[in-house]
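Structure, as C-alpha coordinates:
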Amino acid sequence: MLLLFETPGGYALFKVLKEKKLGVASEISNEFTSLENANSMVKLKAFAPFSSTTDAVVAATSIIESTLDKNLKKFLKKNVSDELAVADVKLGSLIKENLDIKCVCNDAIMELFRGVRQHLEGLLPGAEEESIKAMRLGLSHSLSRYKLKFSADKVDIMIVQAIGLLDDLDKEINIYAMRVREWYGWHFPEMVKVINDNLFYARCVLRMGMRTNCKNCDFSDILGDETMEENLKKSAETSMGTEISDVDLLNIKSLCEQVVSLSEYRLQLFEYLKNRMAAIAPNLTVMVGELVGARLIAHAGSLINLAKHPASTIQILGAEKALFRALKTKTDTPKYGLIYHASLIGQAAPKIKGKISRVLAAKTALAIRVDALGEAEGPTISLDNRAKVEARIRQLEGGQRVSMSTPGNKLPSGPSKYDSSAAKALAPPRYNDASDMVFAATDSGEDKKEKKEKKDKKDKKDKKRERDDDEDEAPAKKAKVEEENEDEDSAKTMSLASL
(Lines give C-alpha, C1' and ligand atoms only; values in the text may rest on other atoms or scores of the structure.)
Protein backbone atom coordinates (compact mmCIF):
# COMPACT_ATOMS: atom_id res chain seq x y z
CA MET A 1 0.00 0.00 0.00
CA LEU A 2 1.17 3.52 -0.85
CA LEU A 3 0.37 6.70 1.09
CA LEU A 4 -0.19 10.03 -0.73
CA PHE A 5 0.88 12.93 1.51
CA GLU A 6 0.66 16.61 0.49
CA THR A 7 3.45 18.77 1.92
CA PRO A 8 4.04 22.53 1.43
CA GLY A 9 7.08 21.64 -0.68
CA GLY A 10 5.50 19.02 -2.96
CA TYR A 11 3.73 15.66 -3.23
CA ALA A 12 5.23 12.79 -1.23
CA LEU A 13 4.51 9.08 -1.76
CA PHE A 14 5.29 6.73 1.14
CA LYS A 15 5.41 2.93 1.11
CA VAL A 16 3.58 1.34 4.06
CA LEU A 17 5.91 -1.41 5.36
CA LYS A 18 3.65 -2.92 8.04
CA GLU A 19 0.21 -3.21 6.52
CA LYS A 20 -0.86 -5.76 9.14
CA LYS A 21 -0.70 -3.04 11.80
CA LEU A 22 -3.50 -1.15 10.06
CA GLY A 23 -6.11 -3.58 11.36
CA VAL A 24 -6.57 -1.77 14.69
CA ALA A 25 -6.67 2.03 14.39
CA SER A 26 -6.00 2.67 18.09
CA GLU A 27 -2.66 0.81 17.98
CA ILE A 28 -1.18 2.72 15.00
CA SER A 29 -0.18 5.69 17.15
CA ASN A 30 2.17 3.37 19.11
CA GLU A 31 4.17 2.79 15.92
CA PHE A 32 5.01 6.51 15.70
CA THR A 33 6.27 7.11 19.22
CA SER A 34 9.76 7.80 17.80
CA LEU A 35 11.40 8.54 14.45
CA GLU A 36 12.97 5.06 14.31
CA ASN A 37 9.57 3.41 14.73
CA ALA A 38 8.15 5.73 12.07
CA ASN A 39 10.92 4.74 9.62
CA SER A 40 10.10 1.10 10.24
CA MET A 41 6.41 1.80 9.54
CA VAL A 42 6.62 3.91 6.35
CA LYS A 43 9.35 4.71 3.83
CA LEU A 44 9.56 7.48 1.23
CA LYS A 45 9.15 6.11 -2.30
CA ALA A 46 8.87 9.25 -4.49
CA PHE A 47 8.72 13.01 -4.09
CA ALA A 48 7.55 15.66 -6.61
CA PRO A 49 8.59 19.18 -5.46
CA PHE A 50 6.70 22.33 -6.45
CA SER A 51 8.61 24.62 -8.78
CA SER A 52 7.11 27.83 -7.33
CA THR A 53 4.67 29.18 -4.78
CA THR A 54 2.07 29.52 -7.51
CA ASP A 55 2.22 25.78 -8.20
CA ALA A 56 1.87 25.11 -4.49
CA VAL A 57 -1.23 27.35 -4.27
CA VAL A 58 -2.77 25.69 -7.34
CA ALA A 59 -2.13 22.24 -5.86
CA ALA A 60 -3.52 23.19 -2.44
CA THR A 61 -6.58 24.79 -4.03
CA SER A 62 -7.28 21.75 -6.17
CA ILE A 63 -7.08 19.48 -3.10
CA ILE A 64 -9.40 21.80 -1.11
CA GLU A 65 -11.89 21.91 -3.97
CA SER A 66 -11.59 18.12 -4.51
CA THR A 67 -10.22 18.35 -8.03
CA LEU A 68 -7.25 16.63 -9.67
CA ASP A 69 -4.21 18.72 -10.55
CA LYS A 70 -2.29 17.93 -13.76
CA ASN A 71 0.99 17.51 -11.90
CA LEU A 72 -0.66 15.14 -9.44
CA LYS A 73 -2.04 13.05 -12.31
CA LYS A 74 1.40 12.67 -13.88
CA PHE A 75 2.96 11.88 -10.52
CA LEU A 76 0.41 9.16 -9.71
CA LYS A 77 0.52 7.58 -13.20
CA LYS A 78 4.27 7.31 -12.99
CA ASN A 79 4.66 5.91 -9.47
CA VAL A 80 1.42 4.22 -8.36
CA SER A 81 0.34 0.76 -9.42
CA ASP A 82 -0.90 -0.55 -6.08
CA GLU A 83 -3.55 0.41 -3.56
CA LEU A 84 -3.38 4.11 -2.52
CA ALA A 85 -4.23 5.64 0.85
CA VAL A 86 -5.65 9.21 0.72
CA ALA A 87 -6.88 11.66 3.34
CA ASP A 88 -9.96 12.87 1.41
CA VAL A 89 -12.77 10.58 0.25
CA LYS A 90 -13.71 12.90 -2.63
CA LEU A 91 -10.12 13.02 -3.85
CA GLY A 92 -9.97 9.24 -3.69
CA SER A 93 -13.12 8.89 -5.78
CA LEU A 94 -11.69 11.28 -8.39
CA ILE A 95 -8.43 9.33 -8.57
CA LYS A 96 -10.36 6.09 -8.97
CA GLU A 97 -12.53 7.54 -11.76
CA ASN A 98 -9.74 9.19 -13.74
CA LEU A 99 -6.76 6.88 -13.11
CA ASP A 100 -8.47 3.61 -12.12
CA ILE A 101 -6.43 3.35 -8.90
CA LYS A 102 -8.04 1.77 -5.86
CA CYS A 103 -8.08 4.27 -2.97
CA VAL A 104 -8.58 3.69 0.76
CA CYS A 105 -9.71 6.18 3.42
CA ASN A 106 -10.74 5.09 6.91
CA ASP A 107 -9.90 5.64 10.59
CA ALA A 108 -6.69 3.62 10.40
CA ILE A 109 -5.49 5.66 7.41
CA MET A 110 -6.19 8.91 9.28
CA GLU A 111 -4.08 7.69 12.22
CA LEU A 112 -1.34 6.84 9.72
CA PHE A 113 -1.48 10.38 8.33
CA ARG A 114 -1.19 11.83 11.84
CA GLY A 115 1.94 9.79 12.48
CA VAL A 116 3.55 10.84 9.19
CA ARG A 117 2.72 14.49 9.86
CA GLN A 118 4.30 14.23 13.31
CA HIS A 119 7.66 12.99 11.96
CA LEU A 120 7.57 14.64 8.51
CA GLU A 121 10.98 16.33 8.87
CA GLY A 122 12.68 13.02 9.66
CA LEU A 123 10.83 11.01 6.99
CA LEU A 124 11.79 13.44 4.19
CA PRO A 125 15.56 13.28 3.59
CA GLY A 126 17.20 16.70 3.38
CA ALA A 127 14.18 18.54 4.82
CA GLU A 128 14.81 20.93 7.68
CA GLU A 129 12.25 21.99 10.23
CA GLU A 130 12.81 25.72 9.66
CA SER A 131 12.47 25.46 5.88
CA ILE A 132 9.24 23.46 6.17
CA LYS A 133 7.84 26.04 8.59
CA ALA A 134 8.74 28.85 6.17
CA MET A 135 7.08 27.00 3.29
CA ARG A 136 3.95 26.38 5.38
CA LEU A 137 3.75 30.06 6.33
CA GLY A 138 4.22 31.28 2.77
CA LEU A 139 1.72 28.79 1.38
CA SER A 140 -0.88 29.68 4.02
CA HIS A 141 -0.56 33.40 3.26
CA SER A 142 -0.81 32.83 -0.49
CA LEU A 143 -3.79 30.50 -0.06
CA SER A 144 -5.54 33.02 2.21
CA ARG A 145 -5.05 35.78 -0.34
CA TYR A 146 -6.43 33.52 -3.05
CA LYS A 147 -9.49 32.66 -0.95
CA LEU A 148 -10.17 36.31 -0.21
CA LYS A 149 -9.58 37.04 -3.90
CA PHE A 150 -7.78 40.21 -2.84
CA SER A 151 -7.41 42.81 -5.57
CA ALA A 152 -6.47 46.48 -5.48
CA ASP A 153 -9.26 47.23 -7.97
CA LYS A 154 -11.92 45.62 -5.79
CA VAL A 155 -13.08 48.75 -3.97
CA ASP A 156 -16.63 47.67 -3.19
CA ILE A 157 -15.24 46.57 0.18
CA MET A 158 -14.67 50.28 0.86
CA ILE A 159 -18.36 50.89 0.21
CA VAL A 160 -19.32 48.15 2.67
CA GLN A 161 -17.09 49.63 5.37
CA ALA A 162 -18.22 53.20 4.67
CA ILE A 163 -21.95 52.47 4.92
CA GLY A 164 -21.36 50.48 8.12
CA LEU A 165 -19.45 53.39 9.65
CA LEU A 166 -22.13 55.83 8.48
CA ASP A 167 -24.83 53.87 10.31
CA ASP A 168 -22.68 53.71 13.45
CA LEU A 169 -22.10 57.47 13.29
CA ASP A 170 -25.83 58.12 13.02
CA LYS A 171 -26.43 56.10 16.18
CA GLU A 172 -23.63 57.83 18.08
CA ILE A 173 -24.70 61.32 16.99
CA ASN A 174 -28.29 60.65 18.04
CA ILE A 175 -27.19 59.38 21.45
CA TYR A 176 -24.86 62.33 22.06
CA ALA A 177 -27.40 64.89 20.81
CA MET A 178 -30.15 63.52 23.08
CA ARG A 179 -27.75 63.68 26.01
CA VAL A 180 -26.96 67.35 25.18
CA ARG A 181 -30.67 68.21 25.02
CA GLU A 182 -31.41 66.53 28.35
CA TRP A 183 -28.34 67.98 30.06
CA TYR A 184 -28.66 71.57 28.82
CA GLY A 185 -32.45 71.33 29.11
CA TRP A 186 -32.17 71.71 32.88
CA HIS A 187 -30.72 75.17 32.30
CA PHE A 188 -32.74 76.22 29.20
CA PRO A 189 -35.71 73.81 28.69
CA GLU A 190 -37.56 76.09 26.20
CA MET A 191 -34.75 75.84 23.65
CA VAL A 192 -35.80 72.28 22.69
CA LYS A 193 -39.12 73.51 21.29
CA VAL A 194 -37.49 76.32 19.32
CA ILE A 195 -34.61 74.37 17.68
CA ASN A 196 -35.26 70.83 16.43
CA ASP A 197 -32.03 70.15 14.54
CA ASN A 198 -29.34 68.47 16.64
CA LEU A 199 -26.40 70.19 14.93
CA PHE A 200 -27.96 73.66 15.21
CA TYR A 201 -28.75 73.00 18.87
CA ALA A 202 -25.15 72.03 19.69
CA ARG A 203 -23.69 75.04 17.82
CA CYS A 204 -26.06 77.46 19.56
CA VAL A 205 -25.08 76.06 22.96
CA LEU A 206 -21.38 76.47 22.10
CA ARG A 207 -21.89 80.10 21.07
CA MET A 208 -24.33 81.09 23.79
CA GLY A 209 -23.04 79.35 26.91
CA MET A 210 -25.30 80.60 29.69
CA ARG A 211 -28.81 81.52 28.59
CA THR A 212 -28.27 85.05 29.91
CA ASN A 213 -25.82 85.63 27.03
CA CYS A 214 -28.43 84.70 24.41
CA LYS A 215 -29.65 88.27 23.77
CA ASN A 216 -26.08 89.44 22.99
CA CYS A 217 -25.31 86.61 20.52
CA ASP A 218 -25.87 86.51 16.76
CA PHE A 219 -27.24 83.18 15.48
CA SER A 220 -27.98 84.25 11.91
CA ASP A 221 -25.10 82.21 10.42
CA ILE A 222 -26.23 79.11 12.34
CA LEU A 223 -30.02 79.22 12.13
CA GLY A 224 -30.53 81.30 8.99
CA ASP A 225 -34.01 82.28 10.20
CA GLU A 226 -34.70 85.60 11.93
CA THR A 227 -38.03 84.42 13.37
CA MET A 228 -36.42 81.43 15.03
CA GLU A 229 -33.65 83.62 16.41
CA GLU A 230 -36.16 86.07 17.91
CA ASN A 231 -38.16 83.25 19.49
CA LEU A 232 -34.96 81.84 21.00
CA LYS A 233 -34.00 85.17 22.56
CA LYS A 234 -37.51 85.75 23.93
CA SER A 235 -37.57 82.27 25.44
CA ALA A 236 -34.19 82.88 27.10
CA GLU A 237 -35.50 85.99 28.86
CA THR A 238 -38.47 84.14 30.39
CA SER A 239 -36.88 80.73 30.88
CA MET A 240 -37.83 78.62 33.91
CA GLY A 241 -34.59 76.60 33.90
CA THR A 242 -32.24 76.13 36.83
CA GLU A 243 -28.87 77.76 37.23
CA ILE A 244 -25.71 75.77 36.42
CA SER A 245 -22.04 76.35 37.31
CA ASP A 246 -19.16 77.07 34.95
CA VAL A 247 -17.84 73.54 35.41
CA ASP A 248 -21.17 72.08 34.31
CA LEU A 249 -21.23 74.35 31.27
CA LEU A 250 -17.68 73.34 30.36
CA ASN A 251 -18.62 69.66 30.25
CA ILE A 252 -21.78 70.39 28.26
CA LYS A 253 -19.72 72.34 25.73
CA SER A 254 -17.27 69.45 25.42
CA LEU A 255 -20.13 67.13 24.54
CA CYS A 256 -21.48 69.70 22.04
CA GLU A 257 -18.06 69.80 20.37
CA GLN A 258 -18.23 66.02 19.97
CA VAL A 259 -21.66 66.31 18.32
CA VAL A 260 -20.44 69.01 15.93
CA SER A 261 -17.23 67.17 15.01
CA LEU A 262 -19.03 63.86 14.44
CA SER A 263 -21.70 65.58 12.31
CA GLU A 264 -19.03 67.25 10.16
CA TYR A 265 -17.17 63.97 9.76
CA ARG A 266 -20.43 62.28 8.76
CA LEU A 267 -20.88 64.82 5.96
CA GLN A 268 -17.35 64.09 4.72
CA LEU A 269 -17.97 60.34 4.89
CA PHE A 270 -21.24 60.67 2.98
CA GLU A 271 -19.50 62.68 0.26
CA TYR A 272 -16.83 59.98 0.03
CA LEU A 273 -19.55 57.30 -0.22
CA LYS A 274 -21.31 59.22 -3.01
CA ASN A 275 -18.07 59.41 -5.01
CA ARG A 276 -17.33 55.72 -4.50
CA MET A 277 -20.85 54.67 -5.50
CA ALA A 278 -20.75 56.91 -8.59
CA ALA A 279 -17.48 55.25 -9.64
CA ILE A 280 -18.28 51.61 -8.77
CA ALA A 281 -22.05 51.29 -9.27
CA PRO A 282 -23.35 54.29 -11.26
CA ASN A 283 -26.42 52.48 -12.62
CA LEU A 284 -27.41 51.20 -9.20
CA THR A 285 -26.98 54.72 -7.78
CA VAL A 286 -29.32 56.20 -10.38
CA MET A 287 -31.99 53.59 -9.68
CA VAL A 288 -32.14 53.55 -5.86
CA GLY A 289 -29.71 56.20 -4.60
CA GLU A 290 -26.35 56.06 -2.85
CA LEU A 291 -27.46 54.94 0.61
CA VAL A 292 -29.87 52.22 -0.47
CA GLY A 293 -27.41 50.96 -3.11
CA ALA A 294 -24.58 50.83 -0.58
CA ARG A 295 -26.77 48.94 1.90
CA LEU A 296 -27.72 46.41 -0.76
CA ILE A 297 -24.04 45.83 -1.58
CA ALA A 298 -23.17 45.53 2.11
CA HIS A 299 -26.02 43.08 2.73
CA ALA A 300 -24.94 40.87 -0.18
CA GLY A 301 -21.23 41.11 0.71
CA SER A 302 -19.98 42.49 -2.60
CA LEU A 303 -21.21 43.84 -5.91
CA ILE A 304 -20.53 40.51 -7.65
CA ASN A 305 -22.59 38.62 -5.08
CA LEU A 306 -25.40 41.13 -5.45
CA ALA A 307 -25.32 40.70 -9.23
CA LYS A 308 -25.90 36.96 -8.79
CA HIS A 309 -29.20 37.54 -6.99
CA PRO A 310 -32.45 37.47 -9.00
CA ALA A 311 -34.85 40.41 -8.94
CA SER A 312 -37.18 38.65 -6.48
CA THR A 313 -34.34 38.33 -3.97
CA ILE A 314 -33.26 41.94 -4.41
CA GLN A 315 -36.86 43.03 -3.77
CA ILE A 316 -36.97 41.46 -0.27
CA LEU A 317 -33.27 41.73 0.58
CA GLY A 318 -33.13 42.87 4.20
CA ALA A 319 -36.53 41.39 5.17
CA GLU A 320 -35.40 37.79 5.60
CA LYS A 321 -36.79 37.51 9.12
CA ALA A 322 -40.25 38.65 8.00
CA LEU A 323 -40.09 36.32 5.00
CA PHE A 324 -39.33 33.18 7.00
CA ARG A 325 -41.88 34.14 9.65
CA ALA A 326 -44.51 34.49 6.92
CA LEU A 327 -43.56 31.13 5.43
CA LYS A 328 -43.74 29.50 8.85
CA THR A 329 -47.11 31.00 9.76
CA LYS A 330 -48.48 30.69 6.19
CA THR A 331 -49.27 34.40 5.94
CA ASP A 332 -48.52 36.97 3.24
CA THR A 333 -44.83 37.36 2.45
CA PRO A 334 -43.19 40.84 2.59
CA LYS A 335 -43.28 42.95 -0.57
CA TYR A 336 -40.06 44.87 -0.01
CA GLY A 337 -36.94 45.05 2.13
CA LEU A 338 -34.11 47.58 1.91
CA ILE A 339 -35.41 48.75 -1.46
CA TYR A 340 -38.42 50.29 0.32
CA HIS A 341 -36.28 53.35 1.19
CA ALA A 342 -35.65 54.16 -2.48
CA SER A 343 -37.06 57.49 -3.66
CA LEU A 344 -39.15 55.90 -6.42
CA ILE A 345 -41.07 53.76 -3.93
CA GLY A 346 -41.38 56.69 -1.53
CA GLN A 347 -43.17 58.81 -4.11
CA ALA A 348 -45.64 56.03 -5.01
CA ALA A 349 -49.06 55.75 -3.41
CA PRO A 350 -49.38 53.21 -0.56
CA LYS A 351 -51.67 50.88 -2.49
CA ILE A 352 -49.19 50.48 -5.39
CA LYS A 353 -45.93 50.34 -3.43
CA GLY A 354 -45.80 46.56 -3.80
CA LYS A 355 -46.17 46.69 -7.58
CA ILE A 356 -43.62 49.48 -7.92
CA SER A 357 -41.14 47.63 -5.71
CA ARG A 358 -41.39 44.60 -8.00
CA VAL A 359 -40.85 46.73 -11.12
CA LEU A 360 -37.99 48.62 -9.50
CA ALA A 361 -36.31 45.40 -8.32
CA ALA A 362 -36.41 43.99 -11.86
CA LYS A 363 -34.84 47.10 -13.37
CA THR A 364 -32.33 47.38 -10.52
CA ALA A 365 -31.18 43.77 -11.04
CA LEU A 366 -30.30 44.61 -14.65
CA ALA A 367 -28.47 47.77 -13.57
CA ILE A 368 -26.43 45.85 -10.97
CA ARG A 369 -25.31 43.28 -13.53
CA VAL A 370 -24.21 46.03 -15.91
CA ASP A 371 -22.19 47.65 -13.09
CA ALA A 372 -20.61 44.37 -11.99
CA LEU A 373 -19.87 42.81 -15.37
CA GLY A 374 -19.95 45.68 -17.86
CA GLU A 375 -16.97 47.72 -18.98
CA ALA A 376 -18.72 51.03 -19.68
CA GLU A 377 -18.20 53.95 -17.32
CA GLY A 378 -21.05 56.03 -15.96
CA PRO A 379 -24.79 55.30 -16.04
CA THR A 380 -25.94 53.52 -19.21
CA ILE A 381 -29.24 51.64 -18.96
CA SER A 382 -30.32 53.11 -15.61
CA LEU A 383 -31.65 56.38 -17.07
CA ASP A 384 -34.08 54.58 -19.38
CA ASN A 385 -35.01 52.10 -16.65
CA ARG A 386 -35.76 54.86 -14.17
CA ALA A 387 -37.91 56.64 -16.73
CA LYS A 388 -39.87 53.42 -17.30
CA VAL A 389 -40.45 52.97 -13.56
CA GLU A 390 -41.67 56.57 -13.25
CA ALA A 391 -43.98 56.02 -16.22
CA ARG A 392 -45.36 52.90 -14.55
CA ILE A 393 -46.06 54.92 -11.40
CA ARG A 394 -48.00 57.53 -13.39
CA GLN A 395 -49.91 54.79 -15.17
CA LEU A 396 -50.99 53.08 -11.93
CA GLU A 397 -51.86 56.31 -10.13
CA GLY A 398 -53.70 58.28 -12.81
CA GLY A 399 -55.05 55.70 -15.19
CA GLN A 400 -52.85 57.13 -17.93
CA ARG A 401 -51.88 54.89 -20.80
CA VAL A 402 -48.09 54.96 -20.99
CA SER A 403 -45.88 53.30 -23.57
CA MET A 404 -43.14 51.21 -21.93
CA SER A 405 -41.21 50.75 -25.17
CA THR A 406 -37.93 52.38 -26.11
CA PRO A 407 -37.88 55.43 -28.42
CA GLY A 408 -36.86 53.23 -31.36
CA ASN A 409 -39.94 50.99 -31.07
CA LYS A 410 -42.87 53.31 -30.43
CA LEU A 411 -46.31 51.88 -29.93
CA PRO A 412 -49.46 53.74 -31.07
CA SER A 413 -49.97 56.47 -28.51
CA GLY A 414 -53.28 56.55 -26.63
CA PRO A 415 -55.12 59.46 -25.05
CA SER A 416 -52.85 61.67 -22.98
CA LYS A 417 -55.39 61.87 -20.16
CA TYR A 418 -57.89 59.42 -18.74
CA ASP A 419 -61.26 59.91 -20.44
CA SER A 420 -64.27 58.22 -18.78
CA SER A 421 -66.48 58.47 -21.88
CA ALA A 422 -63.79 56.91 -24.05
CA ALA A 423 -63.34 54.14 -21.48
CA LYS A 424 -67.09 53.43 -21.48
CA ALA A 425 -67.13 53.31 -25.27
CA LEU A 426 -64.26 50.84 -25.31
CA ALA A 427 -65.77 48.72 -22.52
CA PRO A 428 -67.44 45.41 -23.49
CA PRO A 429 -71.29 45.33 -23.49
CA ARG A 430 -73.05 44.39 -20.28
CA TYR A 431 -74.65 41.01 -19.82
CA ASN A 432 -78.38 40.94 -20.59
CA ASP A 433 -80.14 37.84 -19.32
CA ALA A 434 -83.37 38.72 -21.21
CA SER A 435 -81.64 38.21 -24.52
CA ASP A 436 -80.64 34.64 -23.67
CA MET A 437 -82.54 31.81 -25.40
CA VAL A 438 -83.99 29.19 -23.06
CA PHE A 439 -84.62 25.69 -24.42
CA ALA A 440 -87.44 23.81 -22.71
CA ALA A 441 -86.51 20.26 -21.87
CA THR A 442 -88.92 17.67 -23.32
CA ASP A 443 -89.74 14.89 -20.91
CA SER A 444 -89.87 11.40 -22.31
CA GLY A 445 -92.33 8.68 -21.22
CA GLU A 446 -89.74 7.07 -18.93
CA ASP A 447 -89.06 10.39 -17.20
CA LYS A 448 -92.80 10.89 -16.55
CA LYS A 449 -93.08 7.40 -15.10
CA GLU A 450 -90.12 8.01 -12.75
CA LYS A 451 -91.60 11.31 -11.58
CA LYS A 452 -94.96 9.67 -10.90
CA GLU A 453 -93.34 6.90 -8.85
CA LYS A 454 -91.42 9.46 -6.83
CA LYS A 455 -94.59 11.44 -6.18
CA ASP A 456 -96.48 8.31 -5.02
CA LYS A 457 -93.68 7.36 -2.67
CA LYS A 458 -93.70 10.86 -1.21
CA ASP A 459 -97.48 10.76 -0.66
CA LYS A 460 -97.23 7.39 1.10
CA LYS A 461 -94.53 8.73 3.41
CA ASP A 462 -96.64 11.78 4.29
CA LYS A 463 -99.72 9.65 5.06
CA LYS A 464 -97.69 7.30 7.23
CA ARG A 465 -96.18 10.26 9.12
CA GLU A 466 -99.66 11.69 9.78
CA ARG A 467 -100.96 8.30 10.98
CA ASP A 468 -98.00 7.93 13.38
CA ASP A 469 -98.63 11.41 14.73
CA ASP A 470 -102.31 10.57 15.36
CA GLU A 471 -101.37 7.40 17.23
CA ASP A 472 -98.93 9.36 19.39
CA GLU A 473 -101.54 12.04 20.20
CA ALA A 474 -104.40 9.58 20.99
CA PRO A 475 -103.27 8.65 24.57
CA ALA A 476 -102.76 12.30 25.40
CA LYS A 477 -106.29 13.18 24.23
CA LYS A 478 -107.77 10.24 26.19
CA ALA A 479 -105.95 11.32 29.37
CA LYS A 480 -107.19 14.87 28.90
CA VAL A 481 -110.84 13.69 28.54
CA GLU A 482 -110.54 11.58 31.68
CA GLU A 483 -109.18 14.57 33.63
CA GLU A 484 -112.10 16.70 32.44
CA ASN A 485 -114.60 14.02 33.54
CA GLU A 486 -112.95 13.75 36.95
CA ASP A 487 -113.17 17.51 37.39
CA GLU A 488 -116.92 17.46 36.56
CA ASP A 489 -117.56 14.64 39.06
CA SER A 490 -115.71 16.45 41.82
CA ALA A 491 -117.68 19.62 41.14
CA LYS A 492 -120.96 17.74 41.40
CA THR A 493 -120.01 16.12 44.71
CA MET A 494 -119.03 19.48 46.17
CA SER A 495 -122.37 21.01 45.18
CA LEU A 496 -124.31 18.10 46.74
CA ALA A 497 -122.29 18.43 49.93
CA SER A 498 -123.12 22.09 50.20
CA LEU A 499 -126.85 21.32 49.96
Side-chain angles (χ1 to χ4, degrees), residues 147-149 156-178 198 266 269-270 273 276-277 280-281 283-373 382 385-386 388-397 404:
K147 281 186 174 182
L148 293 173
K149 293 181 175 61
D156 55 354
I157 298 298
M158 304 303 168
I159 294 174
V160 175
Q161 298 297 330
I163 191 62
L165 179 58
L166 196 68
D167 292 338
D168 293 341
L169 281 176
D170 287 337
K171 293 178 183 177
E172 293 296 327
I173 291 172
N174 286 333
I175 292 172
Y176 285 2
M178 290 302 297
N198 294 330
R266 187 196 178 280
L269 184 64
F270 180 66
L273 182 63
R276 287 289 88 200
M277 285 296 295
I280 302 305
N283 292 288
L284 176 61
T285 303
V286 171
M287 293 301 299
V288 297
E290 296 87 1
L291 291 177
V292 178
R295 287 193 173 93
L296 288 173
I297 293 174
H299 198 83
S302 66
L303 186 61
I304 294 293
N305 291 342
L306 185 62
K308 296 176 183 178
H309 291 319
S312 57
T313 303
I314 294 174
Q315 181 181 349
I316 60 170
L317 205 64
E320 290 84 1
K321 187 181 291 185
L323 173 65
F324 291 118
R325 183 172 62 248
L327 293 175
K328 184 178 180 180
T329 57
K330 295 182 180 179
T331 56
D332 294 337
T333 54
K335 297 179 181 178
Y336 25 64
L338 293 171
I339 204 172
Y340 177 80
H341 301 285
S343 60
L344 287 173
I345 296 180
Q347 70 188 28
K351 62 180 181 180
I352 63 171
K353 283 185 185 293
K355 294 181 179 179
I356 297 303
S357 65
R358 185 167 62 251
V359 175
L360 180 61
K363 301 299 182 183
T364 303
L366 297 176
I368 293 168
R369 289 162 192 169
V370 171
D371 290 333
L373 307 174
S382 57
N385 288 348
R386 186 179 178 91
K388 290 178 181 179
V389 176
E390 291 174 350
R392 179 62 175 163
I393 293 174
R394 292 195 299 272
Q395 182 186 19
L396 292 174
E397 286 183 347
M404 300 296 287

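Between G293 and V288 the shortest heavy-atom distance is N-CG2, 3.7 Å. A pairwise comparison of heavy atoms in Q315 and A361 identifies CB-CB, 3.6 Å as the closest pair. Considering all non-hydrogen atoms of both residues, A307 and A372 come closest at CB-CB, 3.8 Å. The nearest pair of heavy atoms linking I163 to V160 is CG2-O, 3.2 Å. Between Y336 and A319, the closest heavy-atom pair is O-CB, 3.8 Å. Summarising the geometry of G354 relative to K335, their closest heavy-atom pair is CA-CD, 3.8 Å, with the distance given to 0.1 Å.
One finds the CG atom of L296 at 13.0 Å from the CG atom of N305 (value rounded to the nearest 0.5 Å). Here the OG1-CE distance, from T285 to M287, works out to 11.5 Å after rounding to the nearest 0.5 Å. The CD atom of E390 sits 10.5 Å away from atom CD1 of I356, with the distance rounded to the nearest 0.5 Å. Note that the CD1 atom of I297 and the CZ atom of R276 stand 11.5 Å from one another [nearest 0.5 Å]. Note that the CG atom of L165 and the CG atom of L269 stand 5.0 Å from one another [nearest 0.5 Å]. One distance of note links CD1 of I280 with CG of L273; it measures 11.5 Å at 0.5 Å rounding.
Other residues, nucleotides and ligands place more than 12 heavy atoms under 6.0 Å from the CG atom of D168. A 6.0 Å sphere centred on OH of Y340 holds no more than 12 heavy atoms belonging to other residues, nucleotides or ligands.
Residues T333 and I316 form no side-chain contact, since every pair of their non-hydrogen atoms from C-beta on lies 4.5 Å or further apart. Side-chain contact between I339 and L317 is absent, with no heavy-atom pair separated by less than 4.5 Å. Looking at heavy atoms from C-beta onward, H341 lies out of side-chain contact with L291 at the 4.5 angstrom threshold. Residues K363 and R392 are not in side-chain contact: their nearest non-hydrogen atoms beyond the backbone lie 4.5 Å or more apart.
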Chi angles and distances behind the side-chain contact (heavy atoms from CB on, under 4.5 Å) call for V389, N385
CA-CA 6 Å; V389 176; N385 288 348; 5.5 Å; no
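Under the 3.5 Å distance criterion, the side-chain polar atoms of D156 are matched with a main-chain donor or acceptor of L303. A donor-acceptor pair under 3.5 Å is absent between the side-chain atoms of R295 and the main chain of L338, judged by distance alone. Looking only at distances, a side-chain donor or acceptor of D371 sits under 3.5 Å from a matching main-chain atom of L284. Listed for the S382 side chain is no donor-acceptor partner under 3.5 Å among the backbone atoms of A367. Here the side chain of E320 pairs a donor or acceptor atom with the backbone of G318 at under 3.5 angstrom.
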